[in-house]
A.B. asks: 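Please see the structure below; I have some questions.
Model, not experiment: these values are computed from the prediction. Residue numbering restarts at 1 for every chain, and letters A, B, ... go by the order of the sequence lines. Atom set for the values below is all heavy atoms of this structure, side chains included, hydrogens, waters and symmetry mates excluded.
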Amino acid sequence: MIYLALFYEFFKVGLFSIGGGLATLPFLYKLAERRPDWLTVQTIADMIAISESTPGPIGINMATYAGYQVAGVFGGIIATLGEVAPSIIIIVIIAKFLAEFDKNPLVKHAFYGLRAAVAGLITFALLKLLSATLLAGGSINYLNTGLYLVFVALVLVFKKAHPLVWILLGAAIGLILRLPS
Amino acid sequence: MKEISLWALYFTFFKIGGLTFGGGYAMLPLLQEEVVNRRQWASEEELLDMYAIGQVTPGIIAVNTATMVGYRKRGILGGVIATLGEISPSIIIITTLATILLRYKDAPYLQQAFSGIRIAVCATVTMSIIRLMKKSLVDLPTILLYLLVVASTVLFSLSPVIVVLVAILFGIVVQNIKHRKEGI
């Protein structure tokens with residue numbers, strides 16, 4: 001049954017992604033590999049754009065969007081509930097038994113490794129995203145690559161700007177240059 | 001102490017979820033305003049502790065923090081209700097947007113706009129990674145682990161689940177070796 005499969009897949013995403021919304025990305029790319037009928041590399045890029053430019057936690061927005069694409073309104077709800085279910089279980093256990101969880105040396109040590117690995121996993125997700133956006137059928141799309149470099153420079157200079165600014169600017173440039181999909 | 005109503009929990013976190021742009025880190029000021037100043041459900045220190053725990057537990061930081069505040073106030077049901085409040089705006093907004101976008105997905109102007117948006121997204125994600133690398137790659141072992149993770153996921157398509165588990169072990173082992181060296 002599709003709803004059960006959705007719940008199970010997003011339960012796994014919620015259980016293993018640690019450290020913010022983008023940390024769910026590598027799991028979503030893996031999911032796209034296993035279930036291309038659910039998600040494609042391109043829909044993930046659109047999903048990030050929509051999730052970054054709407055209110056709410058990015059990880060939750062992405063789960064709702066992905067679930068909706070797979071199985072409609074109810075699919076979006078089920079995927080989101082699947083993603084938050086591990087949180088509820090784990091937090092209740094920690095709040096009950098481990099009051100000083102974040103100060104535990106073992107947890108601190110684990111995070112020393114975990115943070116670096118999460119940066120690596122999100123880099124993997126970025127490479128997937130870049131290859132879908134900047135490569136067209138194996139060769140480099142120079143226009144897109146040039147635009148990407150300009151955007152990176154802008155984002156680095158205007159660090160404080162909200163992601164929504166960049167997404168709107170991207171949309172405007174896409175319309176002005178009539179970028180092909 | 002007066003018992004907090006489940007409705008108040010739901011509504012407060014609905015508001016926080018609906019007003020937070022950009023996920024976990026952007027949510028802290030709103031949490032402070034609502035939970036500490038307005039509702040006085042927790043002191044500043046308690047909230048920061050809960051937020052810190054939310055960051056080091058699996059799942060979405062905003063959801064973890066909501067669950068913890070709800071649980072402290074009204075037990076397991078409180079945790080569930082606060083979380084449902086936090087995620088409700090996302091479900092409503094994203095579902096509405098997705099319905100509209102998927103209906104017009106073949107419109108040329110929408111495709112052109114999204115082609116541009118995808119490039120912008122690549123840049124914002126690049127920025128997030130740079131920020132994350134500055135915080136997390138603090139010495140040689142973490143830099144090596146980072147490179148190893150990138151190589152093994154790209155070249156051998158290693159599962160992220162395995163990466164997470166190995167990284168936890170790696171952190172504990174490397175820190176123990178460091179501490180032992182310092183001890184001698």
Side-chain angles (χ1 to χ4, degrees), chain A residues 14-16 18 20-22 26-27 45 48-49 54-61 64-65 68 73 76 80 84 86-88 90-92 95 101-102 109-110 112-117 119-124 126 129-130 133 147-148 151-152 155 163 166-167 170-171 173-175 178-179 181, chain B residues 17-18 21 23-24 52-53 56-64 67-68 71 76 79 83 87 89-91 93-95 98 111-129 132-133 136-137 142 145-146 149-150 153-154 160-161 163-164 167-168 170-172 175:
Chain A
L15 184 58
F16 286 101
I18 308 175
L22 286 181
F27 297 92
I48 302 169
T54 46
I58 293 176
I60 296 302
N61 291 352
T64 306
Y65 190 80
Y68 179 87
V73 177
T80 309
V84 302
S87 287
I88 294 177
I90 291 168
I91 290 291
V92 166
F101 182 75
D102 58 316
H109 293 172
Y112 162 81
L114 210 44
R115 271 195 215 102
L121 284 175
I122 302 178
T123 304
F124 155 75
L126 174 68
L129 195 62
L130 287 177
T133 316
L147 286 171
Y148 165 69
F151 263 109
V152 170
V155 171
W166 308 121
I167 284 158
I173 288 173
L175 287 170
R178 296 170 184 261
L179 292 178
S181 61
Chain B
F21 265 96
I53 294 174
V56 295
T57 38
I60 310 298
I61 298 169
V63 168
N64 293 346
T67 305
M68 205 148 7
Y71 177 78
I76 293 176
T83 299
I87 66 176
S90 289
I91 292 178
I93 294 167
I94 296 290
T95 303
Q111 292 196 350
Q112 290 163 4
F114 267 94
S115 294
I117 287 173
R118 279 185 212 119
I119 299 170
V121 164
C122 287
T124 60
V125 175
T126 304
M127 187 61 205
S128 302
I129 291 174
L132 207 60
M133 285 170 79
S136 57
L137 308 187
T142 44
L145 178 65
Y146 169 80
V149 169
V150 174
T153 45
V154 172
V161 174
V163 172
V164 165
I168 291 174
F170 175 93
I172 293 170
Q175 286 289 354

A.B. asks: Between CD1 of Ile91(B) and CG of Asn61(A), what distance do you get to the nearest 0.5 Å?
C.D. replies: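 Going from CD1 on Ile91(B) over to CG on Asn61(A), the span is 10.0 Å.
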
A.B. asks: I'd like to check Phe151(A) versus Thr126(B) (side-chain heavy atoms, cut-off strictly below 4.5 Å). Are they in contact?
C.D. replies: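 When only atoms from C-beta onward are counted, Thr126(B) and Phe151(A) do not touch, as no gap falls below 4.5 Å.
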
A.B. asks: How close do Val163(B) and Ala117(A) get, counting heavy atoms only, and between which atoms?
C.D. replies: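 Scanning both residues completely, I find the closest heavy atoms to be CG1-CB, 4.0 Å.
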
A.B. asks: Taking Ala167(B), Cys122(B), Gly17(B) one by one, which has the highest count of heavy-atom pairs under 4.5 Å against chain A?
C.D. replies: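 Highest number of heavy-atom pairs under 4.5 Å: Cys122(B).
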
A.B. asks: Could you pull out the closest heavy-atom pair between Leu114(A) and Val164(B), with the gap in Å?
C.D. replies: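 So the two residues come closest at CD1-O, 3.7 Å.
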
A.B. asks: Nearest 0.5 Å, what's the CG-CZ distance between Leu132(B) and Arg115(A)?
C.D. replies: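 Rounded to the nearest 0.5 Å, the CG-CZ separation comes to 9.0 Å.
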
A.B. asks: How about Thr123(A) and Tyr146(B): do any of their side-chain heavy atoms sit closer than 4.5 Å?
C.D. replies: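 They are in side-chain contact.
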
A.B. asks: Got a sec, which residues hit side chain to side chain contact (heavy atoms under 4.5 Å, CB included) with Val155(A), two or more places apart in sequence or on another chain?
C.D. replies: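 Val155(A) satisfies side chain to side chain contact (heavy atoms under 4.5 Å, CB included) with Trp166(A), Ala123(B), Met127(B) once adjacent residues are dropped.
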
A.B. asks: Counting C-beta onward and ignoring hydrogens, is there a side-chain heavy-atom pair between Pro57(A) and Ser90(B) closer than 4.5 Å?
C.D. replies: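 Answer yes - side chains close enough.
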
A.B. asks: Under 4.5 Å, counting heavy-atom pairs only, tell me which of Val149(B), Val154(B), Ile93(B) racks up the most with chain A.
C.D. replies: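 It is Val149(B).
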
A.B. asks: Just to verify, what does Leu15(A) make a side chain to side chain contact (heavy atoms under 4.5 Å, CB included) with, not counting sequence neighbours?
C.D. replies: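 Leu15(A) satisfies side chain to side chain contact (heavy atoms under 4.5 Å, CB included) with Phe11(A), Pro86(A), Ile90(A) once adjacent residues are dropped.
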
A.B. asks: Which pair of heavy atoms, one from Thr57(B) and one from Ile18(A), lies closest together, and at what distance?
C.D. replies: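 Shortest heavy-atom separation between Thr57(B) and Ile18(A) comes out as O-CG2, 4.0 Å.
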
A.B. asks: Heavy-atom pairs under 4.5 Å with chain A: which of Met68(B), Gln112(B), Gln111(B) has the most?
C.D. replies: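 Of Met68(B), Gln112(B), Gln111(B), Gln112(B) has the most heavy-atom pairs under 4.5 Å with chain A.
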
A.B. asks: Side-chain contact test, heavy atoms from C-beta onward, threshold under 4.5 Å: evaluate it for Ile60(A) versus Val63(B) and give yes or no.
C.D. replies: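 Yes; the side chains approach each other to less than 4.5 Å.
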
A.B. asks: Select one option (side chain, backbone, both, neither) describing which atoms of Leu145(B) are under 4.5 Å from chain A's heavy atoms.
C.D. replies: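 Interface part for Leu145(B): side chain.
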
A.B. asks: With chain B as the partner, which of Ile173(A), Val84(A), Val73(A) has the greatest number of non-hydrogen pairs under 4.5 Å?
C.D. replies: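 Top count of heavy-atom pairs under 4.5 Å with chain B: Val84(A).
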
A.B. asks: Looking only at heavy atoms, which two atoms of Gly59(A) and Ile60(B) are closest? And how far apart?
C.D. replies: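 Distance-wise, the nearest heavy atoms are CA-CD1, 3.6 Å.
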
A.B. asks: Does any backbone or side-chain atom of Ile117(B) lie under 4.5 Å from a heavy atom of chain A? Answer side chain, backbone, both or neither.
C.D. replies: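 For Ile117(B), the contact with chain A is made by backbone and side chain together.
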
A.B. asks: At a heavy-atom separation under 4.5 Å, does Pro160(B) approach chain A through its side chain, its backbone, both, or neither?
C.D. replies: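 Both parts, backbone and side chain.
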
A.B. asks: Under a 3.5 Å threshold, yes or no: a donor from one side chain and an acceptor from the other, between Tyr65(A) and Thr95(B)?
C.D. replies: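 No - no donor-acceptor pair under 3.5 Å links their side chains.
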
A.B. asks: Applying side-chain contact (heavy atoms from CB on, under 4.5 Å), run through Tyr71(B) and Ile91(A) and close with a yes or a no.
C.D. replies: CA-CA 9 Å; Tyr71(B) 177 78; Ile91(A) 290 291; 5.6 Å; no

A.B. asks: Kindly compute the distance separating CD1 (Ile119(B)) from CG (Leu147(A)), expressed to the nearest 0.5 Å.
C.D. replies: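 Rounded to the nearest 0.5 Å, the CD1-CG separation comes out at 5.0 Å.
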
A.B. asks: Where is the tightest heavy-atom contact between Ser87(A) and Pro58(B), given as atom of each residue plus distance?
C.D. replies: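 Closest pair (atom of Ser87(A), atom of Pro58(B), distance): OG-O, 3.7 Å.
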
A.B. asks: Select one option (side chain, backbone, both, neither) describing which atoms of Thr83(B) are under 4.5 Å from chain A's heavy atoms.
C.D. replies: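 Contact with chain A involves the side chain of Thr83(B) alone.
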
A.B. asks: How many angstroms lie between CG in Leu179(A) and CZ in Arg118(B), if you round to the nearest 0.5 Å?
C.D. replies: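 Result: 10.0 Å between the selected atoms.
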
A.B. asks: As an exercise, state the distance from CD1 of Ile87(B) to OG1 of Thr80(A), rounded to the nearest 0.5 Å.
C.D. replies: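 Those atoms lie 6.0 Å apart.
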
A.B. asks: If we define contacts as heavy-atom pairs under 4.5 Å, which of Leu137(B), Val121(B), Ile94(B) has the most with chain A?
C.D. replies: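 Highest number of heavy-atom pairs under 4.5 Å: Ile94(B).
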
A.B. asks: Among Ile48(A), Ile88(A), Leu22(A), single out the residue with the greatest number of heavy-atom pairs under 4.5 Å to chain B.
C.D. replies: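 Of the candidates given, the most pairs with chain B belong to Ile88(A).
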
